2 protein chains.
Amino acid sequence: MYVATDCIVFGFDNGELKLLIFPRRIGPNQGEWSLIGSFVELQEDVDQAALRILQEITGLEDVFFKQLGAYGKADRDPGYRCISIAQYALIRIGEYDKELVEKHGAYWYKLDEVPPLVLDHDQMVQDALLELRNKARHQPIGFELLPEKFTIPQLQSLYESIYQRELDSRNFRRKVFSLGVLRKLNEKDKSTSKKGAWLYRFDNDNYQTLLRSGYNFEI
Amino acid sequence: MYVATDCIVFGFDNGELKLLIFPRRIGPNQGEWSLIGSFVELQEDVDQAALRILQEITGLEDVFFKQLGAYGKADRDPGYRCISIAQYALIRIGEYDKELVEKHGAYWYKLDEVPPLVLDHDQMVQDALLELRNKARHQPIGFELLPEKFTIPQLQSLYESIYQRELDSRNFRRKVFSLGVLRKLNEKDKSTSKKGAWLYRFDNDNYQTLLRSGYNFEI
DNA sequence: ATATTAAGCGTAAAAAAGACGCTTAATTAC
DNA sequence: GTAATTAAGCGTCTTTTTTACGCTTAATAT
């Protein structure tokens with residue numbers, strides 16, 4: 001039996017979530033839009049395979065990803081009997097290698113403009129979005145989609161995209177500060193306002209400490 | 001590459017969560033305690049394989065289960081290159097076929113008395129418990145562990161087992177009633193008190209209706 | 001100097017969660 | 001037959017969290 005891994009690669013650009021897809025390289029559906037995926041080689045971990053294909057396409061070496069689940073219907077791929085381990089990956093959209101992406105024919109689509117994908121990949125995207133919504137609420141993974149330094153309005157915009165609903169800026173601000181995992185920097189971002197917004201950084205050390213003393217992250 | 005599926009089979013008995021395991025049937029670790037698992041045949045869905053092995057061991061035809069995830073380390077099984085799709089299954093412990101279970105050498109262990117398991121199965125159990133804790137809070141899956149007719153104190157006891165902490169009976173009662181998915185029956189269970197406790201049934205129809213009108217289940 | 005606007009601060013009301021005292025319906029003990 | 005016992009169930013007050021929204025501030029643009 002073949003085993004593949006497919007990555008639902010999310011990016012956040014210009015206040016919108018985007019998905020990276022590329023033309024399928026093998027099989028009867030060659031050329032159709034597909035998630036970023038590859039077969040798992042006999043001697044490599046499934047996770048290694050995901051890292052390998054993510055690096056091959058984006059040039060990034062340590063992409064953040066988590067497993068979504070296995071898709072194992074016997075008839076999911078008309079070509080071979082193949083199960084796929086789906087992974088969702090979160091990328092800082094400013095950091096990937098644009099030439100490499102272009103070379104592979106990969107493209108970032110806004111989430112609501114993604115064309116039909118091959119096999120069961122549409123389903124995977126839908127499932128990944130639900131999973132992202134749940135996970136991002138309870139774990140600090142959203143930061144993987146933002147630059148290392150970000151503003152509160154940026155963070156809010158991200159969460160509005162993930163949850164697909166507007167949030168009150170004043171309440172959002174209070175909420176995220178109450179988590180105690182944002183470290184304020186001495187810099188402002190002035191790209192979106194005259195006044196400028198303070199930049200923050202996710203304080204992972206403190207997050208880990210808090211975790212150990214039994215606290216509950218929730219945005 | 002081989003593909004297997006392993007089921008973390010939970011039951012709730014006597015106020016405690018239990019795990020069903022059996023002696024491994026193949027490979028170098030034959031005879032050691034293992035989760036309920038099997039290879040996935042070439043022509044069957046992964047889910048079908050899970051149902052098949054669950055039925056083979058418990059005699060139940062429609063066991064509730066959800067996927068936990070794929071375990072895909074290259075060296076996880078010293079015998080073969082084999083990835084495993086882990087599933088957690090919830091069983092009404094009064095309903096399984098005791099003869100069949102015995103025949104296969106399977107046994108229900110209290111969660112804190114489970115012996116060491118083969119391969120990465122200990123890890124799977126640990127992960128499944130965390131997943132159960134999360135899922136049972138936000139989705140009405142706990143009912144799969146109780147008889148169709150149950151009392152509020154039974155439900156509370158179940159959630160105390162899942163969360164591993166005590167709950168206030170008066171607040172718990174208020175909470176579950178506010179969900180609006182319990183249908184009161186005209187019967188009492190008198191097995192644990194003189195006064196008797198009213199029996200309830202999970203009202204799935206109403207749950208589905210509420211879901212569609214955007215409500216949020218949380219216990 | 002004045003207008004403009006995203007960023008940021010504060011407060012009051014509503015809802016949810018937590019703590020806990022008391023009553024009730026049945027059985028068991030005398 | 002009466003009293004004691006106890007899990008089940010009801011009600012209330014307090015604290016915390018969430019929601020709604022008015023107002024100020026720091027900078028640029030006019």
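Below, chains carry the letters A, B, ... as their sequence lines are ordered, and counting in each starts from 1. In this text, all values refer to a predicted model and were calculated from it rather than measured experimentally.
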> When you check the phosphate oxygens OP1 and OP2 of dA7(C), does a side-chain N or O of Thr192(A) lie under 4.0 Å from one of them?
Replying inline: yes

> Does the dG11(D) base have a donor-acceptor partner in the side chain of Arg174(B) within less than 3.5 Å?
Replying inline: no

> Salt bridge or not for Arg170(A) and Asp168(A), using N-O below 4.0 Å?
Replying inline: yes

> Hey, does the side chain of Lys188(A) come within less than 4.0 Å of dA7(C)'s phosphate (OP1/OP2), counting only N and O?
Replying inline: no

> Without hydrogens or angle criteria, can the side chains of Lys66(B) and Gln139(B) be said to hold a donor-acceptor pair below 3.5 Å?
Replying inline: yes

> Are any of Lys195(B)'s side-chain N or O atoms less than 4.0 Å away from OP1 or OP2 of dG9(D)?
Replying inline: no

> Please give, in whole Å, the distance from dG8(C) P to Lys190(A) NZ?
Replying inline: 12 Å

> Atom CZ of Arg173(A) to atom P of dT17(D): distance rounded to whole Å?
Replying inline: 21 Å

> Rounded to whole angstrom units, what separation is found between the CG atom of Leu167(B) and the P atom of dA7(D)?
Replying inline: 17 Å

> For the base of dG21(C), is there a side-chain donor-acceptor partner from Arg170(B) under 3.5 Å away?
Replying inline: yes

> Just how far, in rounded Å, is P of dA16(C) from CZ of Phe217(B)?
Replying inline: 16 Å

> Looking just at side-chain N and O atoms, do Asp127(A) and Gln123(A) make a donor-acceptor pair shorter than 3.5 Å?
Replying inline: yes

> Starting at the 5' end of DNA chain D and moving along, which residue's nearest nucleotide shows up first, Trp198(B) or Lys194(A)?
Replying inline: Trp198(B)

> Nearest-Å distance, CG (Asp168(B)) to P (dT16(D))?
Replying inline: 17 Å

>> Whether the Asp6(B) and Ser84(B) side chains hold a donor-acceptor pair (N or O, under 3.5 Å, no angle test) is what I'd like checked.
In response: yes

> Given atom NZ of Lys175(A) and atom P of dT16(D), what is their separation to the nearest angstrom?
Replying inline: 17 Å

> When the distance from CZ of Phe177(A) to P of dT17(D) is rounded to whole Å, what number comes out?
Replying inline: 18 Å

> dA16(C) P sits how many Å from Arg137(B) CZ, rounded?
Replying inline: 17 Å

>> Check whether Tyr163(A) forms a cation-pi arrangement with Arg137(A) (NZ or CZ under 6.0 Å from the six-membered ring centre, at most 45° off the ring normal).
In response: yes

> Nearest to the side chain of Pro153(A), which nucleotide is it out of dG18(C), dA7(C), dA8(D)?
Replying inline: dA7(C)

